[in-house]
Structure formats: C-alpha cells, structure tokens
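Only one structure is covered here, and it is reproduced in the block below.
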2 protein chains.
Amino acid sequence: MAAQSQYEELTRQLSAFGVVKRGLARDLPHQCQAGSAAVLALLHRHGEMRLSRLAELLSVDMSVTSRHVAHLTERGWLDREPDPLDKRSRLLRLNAEGENVLRDISDRYVTTLAEALHDWSDEDVGRLTELLARLRDSFGEGRSPRTTP
Amino acid sequence: MAAQSQYEELTRQLSAFGVVKRGLARDLPHQCQAGSAAVLALLHRHGEMRLSRLAELLSVDMSVTSRHVAHLTERGWLDREPDPLDKRSRLLRLNAEGENVLRDISDRYVTTLAEALHDWSDEDVGRLTELLARLRDSFGEGRSPRTTP
DNA sequence: TATTGTTATACTCTATAACTATA
DNA sequence: TATAGTTATAGAGTATAACAATA
C-alpha cells in the first residue's frame, strides 16, 4: 500500500498520458483510427468471435464496438457470418484485406515507438509493458459496462 | 533498442489504456471533468501563469486550453488578471474556491487508485510512475502543437 | 508582421436509452 | 422475459482555421 503522495504523483502521470496516445494516433491511416485498429488487432490475436466478446475484450460498450465493426465491415476488412448457434449473433472474422491493413498499422505503431523509445533499454520497455498490463487488470476487475446494472 | 515483438506488445498495452482513464474519470464531480482537473492541478503546482504556458504544460493546443480555462472561470474557480507585461495576455491563478475543488478531486483520485492498486507494492507504484514520466518525455520531445508549422 | 488568445467547426471516442430480432 | 446487436443522441476531448487585439 503506497503513500498518498505517491498516488498523487501517479495521478499526474496518468493524466498526462494523452500526449502519448496522440503521438501514437498521429501516424495512423485516415481510414483506420485507433479504435478500429484495436478491433483489428483483437480479431487477429483471438480469431473469430461475437460482438459481445469483442466488446468485453475492448472494455467498451457494445454500442461502441458495433460502430467500429460497422466501419470496418463497410471498408471490406472483416466479414460477418451467421452464428450457427444463435441467430441473433454473427461471427466476426478478419479477412485477407483486413490482415494487410493491420500489418500496415502495426508497422506504423512499431516505427513510432522505435523512434520515440530509441534510448530505452529492452528491460525498461519490458517493465513498462508489464506494469501497464497489470494496471489494466487492476482497473478492469471493477465494474464492467452493462454487466453490473 | 527493443525487438519488434516487444514494441507490438507495448502497443497493445498502450491501446488498452482507455479503461484506466475511464476508471479514474468515473468518480470525478460532474462540474469538473478530467481536462479541467488537469488545469487546476497545474496551476496549483506551478502557480500563476499565462494561457500559452498552460497549453504547453498540458501538451495541448491553446484553443483547447482556452475552453477549459473559460469553463473554470465561469464557475469561479480561477481568476484572470491583466498581465502587466503584455496586454494581450492575462495571468491565470487558482483562487481559494478552486483550491477546494482541487483538493476534493485529488482525494477522489487517490481513493480510486488506493482501491484499484491495493495489492501493489510501493516499489511497483513508484516504478510505474517513473516509467510513465519517462514515456511522456520520450513522446513530448517530438513536435508540439502550433510550434512546428 | 508576428503573437496571444478566442471562437466556430469538425472529428474521434465513449455512454445511455430506445428499438428489433431471437432465445 | 431476457439477451444480442443496432441506432439515435449526447457529451468530453481534441485540432484546424479564421478572427481580434496587441506587440
């Protein structure tokens, strides 16, 4: 359990995270912003899934996820097929075109990070990644949207 | 210099930061959202300053800063006095009411963090804070808004 | 002419609520 | 009756561009 002043300092750093987020988003293709990119990445990583599952992985409301998915589908980057187990759902899957777009975006992210963090050690990059993952867990375990009414 | 896969993993964690940001913002008073809270915190920490300096500290465009400041001024939480050195500028200063609001917000942030991170060690909280500060520096040193046209 | 700050406009991301179709 | 998903609407945060006042 940390001291109050430690939390206050952490608060300052968390509040200032926007500059990092914008730095990453700046170099994305106009057709695929950060929100949509996250959808592509999750579908690539976890494979075919339903919208509700995707929303859960994104920690975002289904209505938001639905719009991202619609955006990506309109551009022909992912397919929606009927779910044989439940006619209300459709299974979302990245297609070849979507994989290409994702690869492009991933390259852009990596380039931006490699440039910004050129003077970081491997260990520090790893430590930050680990702590961010843990931070997300610590916050994610609280109430999730539309699940604890 | 880290490997590509390390950057990709970091990208995932950075993209998922939204859940943390929303977790912190959820418990703020309706009258003062995160953006305005950041203004209060900076004026408390650095004292009286001009709008342009504030925008620089926030790493955000002056137009954005101007709106936050207008919001806070309307609520009577900060004062704008003529800058004796430049009639185009005004000096912004937190007043007593603003200090109270900031104290309230700071308490809320600390409470939220203490709850979410109750099982974190002091050392890990410190490490995360440090790495986030460094991350911000690494991104902040790039182009800043309205300075590199 | 250049700079400080303001305002109008537009875009992204998000949530809530009302709705349809299916379970 | 409850759940999966969609859509309409609203609000926070941000940037760009046009503008006023002053340097």
Side-chain angles (χ1 to χ4, degrees), chain A residues 15-39 49-56 58-74 80-92 143-149, chain B residues 15-39 49-56 58-74 80-92 143-149:
Chain A
S15 298
F17 187 82
V19 66
V20 174
K21 184 188 141 200
R22 293 192 294 282
L24 277 175
R26 217 191 307 269
D27 298 317
L28 288 181
H30 184 64
Q31 294 276 41
C32 189
Q33 296 301 98
S36 298
V39 168
M49 69 179 80
R50 297 155 54 140
L51 187 76
S52 49
R53 167 89 173 120
L54 192 53
E56 194 186 321
L58 288 167
S59 301
V60 142
D61 193 82
M62 250 204 302
S63 65
V64 176
T65 311
S66 180
R67 298 196 61 154
H68 286 320
V69 165
H71 176 91
L72 294 169
T73 306
E74 282 163 18
R80 293 195 265 203
E81 291 184 6
D83 182 344
L85 299 176
D86 187 338
K87 282 181 186 159
R88 294 171 302 181
S89 286
R90 283 182 287 185
L91 293 176
L92 311 171
R143 67 211 108 162
S144 53
R146 213 130 119 178
T147 298
T148 315
Chain B
S15 299
F17 186 82
V19 66
V20 175
K21 183 188 142 202
R22 293 192 294 281
L24 277 176
R26 216 190 310 268
D27 298 317
L28 288 182
H30 183 63
Q31 295 276 43
C32 188
Q33 296 300 99
S36 297
V39 169
M49 69 179 82
R50 298 155 52 141
L51 187 76
S52 49
R53 166 89 173 119
L54 191 53
E56 194 186 321
L58 288 167
S59 302
V60 142
D61 193 84
M62 251 204 300
S63 66
V64 176
T65 311
S66 179
R67 299 195 60 154
H68 286 320
V69 165
H71 176 91
L72 294 168
T73 307
E74 282 163 17
R80 292 195 266 203
E81 291 184 6
D83 182 343
L85 299 176
D86 188 337
K87 282 182 187 158
R88 294 171 302 181
S89 286
R90 282 181 289 184
L91 293 176
L92 310 171
R143 67 211 108 163
S144 54
R146 211 131 118 180
T147 297
T148 316

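Note on naming: letters A, B, ... go to the chains in the order of the sequence lines (proteins, then strands), and numbering restarts at 1 for each one.
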Checking all strands, does A/Ala25 fall into the base, sugar-phosphate, or nothing category for heavy-atom contacts under 4.0 angstrom? nothing
Mind checking A/Ala34 for me? I need base, sugar-phosphate or nothing, with any heavy atom below 4.0 Å counting as a touch. sugar-phosphate
How long is the line joining [atom1] of [X] and [atom2] of [N], in whole Å?
{"X": "A/Leu92", "N": "D/dA4", "atom1": "CG", "atom2": "C1'", "result": "12 Å"}
{"X": "B/Asp86", "N": "D/dA23", "atom1": "CG", "atom2": "P", "result": "5 Å"}
{"X": "A/Glu81", "N": "D/dG5", "atom1": "CD", "atom2": "P", "result": "15 Å"}
{"X": "A/Lys87", "N": "D/dG5", "atom1": "NZ", "atom2": "P", "result": "16 Å"}
{"X": "B/Met62", "N": "D/dA21", "atom1": "CE", "atom2": "C1'", "result": "13 Å"}
{"X": "B/Arg50", "N": "C/dT3", "atom1": "CZ", "atom2": "P", "result": "13 Å"}
{"X": "A/Leu85", "N": "C/dT22", "atom1": "CG", "atom2": "P", "result": "16 Å"}
{"X": "B/Arg67", "N": "D/dA15", "atom1": "CZ", "atom2": "C1'", "result": "12 Å"}

Nearest non-hydrogen partners of A/Cys32 and A/Ala37, listed with the distance: SG-N, 3.7 Å
Looking at every heavy atom in both B/His68 and B/Ser36, which two are closest together, and how far apart are they? ND1-OG, 3.8 Å
Donor-acceptor pair, A/Arg22 side chain versus B/Ser59 backbone, under 3.5 Å? yes
Within the side chain of A/Thr73, is there an N or O that forms a donor-acceptor pair under 3.5 Å with the backbone of A/Val69? yes
With a 4.0 Å limit, can you tell me whether [X] has a side-chain N or O closer than that to the phosphate oxygens OP1/OP2 of [N]?
{"X": "B/Ser89", "N": "C/dG5", "value": "yes"}
{"X": "A/His68", "N": "C/dT14", "value": "yes"}
{"X": "B/Ser52", "N": "C/dT3", "value": "no"}

Which nucleotide sits closest to the side chain of [X]: [options]?
{"X": "A/Gln33", "options": "D/dG5, D/dT6, C/dC13", "value": "C/dC13"}
{"X": "A/Arg88", "options": "C/dT4, D/dT6, D/dA2", "value": "D/dA2"}
{"X": "B/Arg90", "options": "C/dG5, D/dA15, D/dA12", "value": "C/dG5"}

Measure distances between side-chain N and O atoms of A/Ser63 and base N and O atoms of C/dT14, and say whether any donor-acceptor pair falls under 3.5 Å. no
Roughly how far, to the nearest 0.5 Å, is the CD atom of A/Gln33 from the CD atom of A/Gln31? 9.5 Å
Could you check B/Arg53 against A/Leu58 and say which one's nearest nucleotide on DNA chain C is further toward the 5' end? B/Arg53
